[in-house]
Amino acid sequence: MSDAEKKLAKSKAIITSACNVLQHAQRIEPAFGRERYASNADCYILLHDATKLFCQSLCDRYGEAENKRWSAALPELLLSHPEKCSETLALLEQKDFKELSYFQFVAA
């Protein structure tokens, strides 16, 4: 496995894990002293960095411009819709990727 493929696999695992944490947090009631906001803030940072690395790795794989697949809205969309994580990653991984719109994301 090449270095680029390792980065792709690791970033995908981080994104998937962050989305799982967010889904779990949505199902439980916050207890005194614990706020969902902290979890969301931490997950946002993870999603920002991991989606950027994930998209850069995909661009390297397909020989594209570095920022073709990544958008600053992507971590926010995953934060808002963690249940769509697998579908979103699948859309990003398509070789003939076209820019991901919010409506396409929600419909995924």
Side-chain angles (χ1 to χ4, degrees):
M1 184 182 272
S2 70
D3 189 44
E5 292 299 316
K6 286 179 186 176
K7 286 180 184 177
L8 186 64
K10 286 180 182 181
S11 59
K12 187 174 186 174
I14 291 168
I15 294 165
T16 304
S17 295
C19 287
N20 288 338
V21 166
L22 288 166
Q23 286 181 29
H24 178 73
Q26 289 174 348
R27 289 190 297 264
I28 61 170
E29 290 296 319
F32 180 73
R34 280 189 316 196
E35 296 182 26
R36 282 190 196 153
Y37 178 78
S39 175
N40 285 353
D42 293 341
C43 286
Y44 177 83
I45 293 168
L46 284 172
L47 288 170
H48 180 276
D49 294 346
T51 55
K52 198 160 197 174
L53 181 60
F54 182 74
C55 291
Q56 285 174 347
S57 299
L58 288 169
C59 288
D60 289 346
R61 173 194 276 176
Y62 297 122
E64 300 168 344
E66 187 174 317
N67 293 323
K68 179 180 179 190
R69 293 172 186 258
W70 192 80
S71 165
L74 184 58
E76 193 67 43
L77 289 171
L78 286 170
L79 191 66
S80 300
H81 301 282
E83 72 282 358
K84 303 284 187 180
C85 186
S86 296
E87 294 92 340
T88 303
L89 295 179
L91 287 171
L92 289 167
E93 288 180 285
Q94 292 177 353
K95 184 173 182 163
D96 58 343
F97 173 79
K98 293 182 179 44
E99 186 175 323
L100 191 64
S101 74
Y102 177 78
F103 298 110
Q104 180 183 18
F105 180 84
V106 173

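The basis for the numbers below is simple: all heavy atoms, side chains too, and nothing from hydrogens, waters or symmetry mates.
Note that NE2 of H81 and CD of E76 are 10.0 Å apart. Values are rounded to the nearest 0.5 Å. Atom NZ in K95 sits 12.5 Å away from atom CG in L58 (nearest 0.5 Å). To the nearest 0.5 angstrom, C55 atom SG is 8.5 Å from L89 atom CG. From I15, atom CD1 reaches atom CG of L92 across 8.0 Å, with rounding to the nearest 0.5 Å. Atom CG in L74 sits 11.0 Å away from atom CG in L79 (nearest 0.5 Å).
Inter-residue side-chain proximity for H48 and W70 is flagged as met; some heavy-atom pair is nearer than 4.5 Å. Between L47 and I14 the shortest side-chain heavy-atom distance does not fall below 4.5 Å. Side chains of D49 and K52 form no contact here, defined as non-hydrogen atoms less than 4.5 Å apart. Between I45 and P75 there is no side-chain heavy-atom pair separated by less than 4.5 Å. Contact of the L77 side chain with the T88 side chain is not registered, since no non-hydrogen atoms from C-beta on lie closer than 4.5 Å.
For E64, the side-chain contact (heavy atoms from CB on, under 4.5 Å) partners two or more places apart in sequence, or in a different chain, are C59, Y62, K68, R69. L53 pairs by the side-chain contact (heavy atoms from CB on, under 4.5 Å) definition with K7, S11, Q56, S57, not counting sequence neighbours.
Between L91 and F97, the closest heavy-atom pair is O-CD1, 3.4 Å. Shortest non-hydrogen contact noted between C85 and C19 is SG-SG, 3.1 Å.
Residues in residues 12-21 take part in these side-chain hydrogen bond (donor to acceptor under 3.5 Å, both in side chains) pairs, two or more places apart or across chains: K12-E93.
Note on L46: it does not cluster hydrophobically with Y44, by side-chain heavy-atom contacts below 4.5 Å among ILVMFWY residues.
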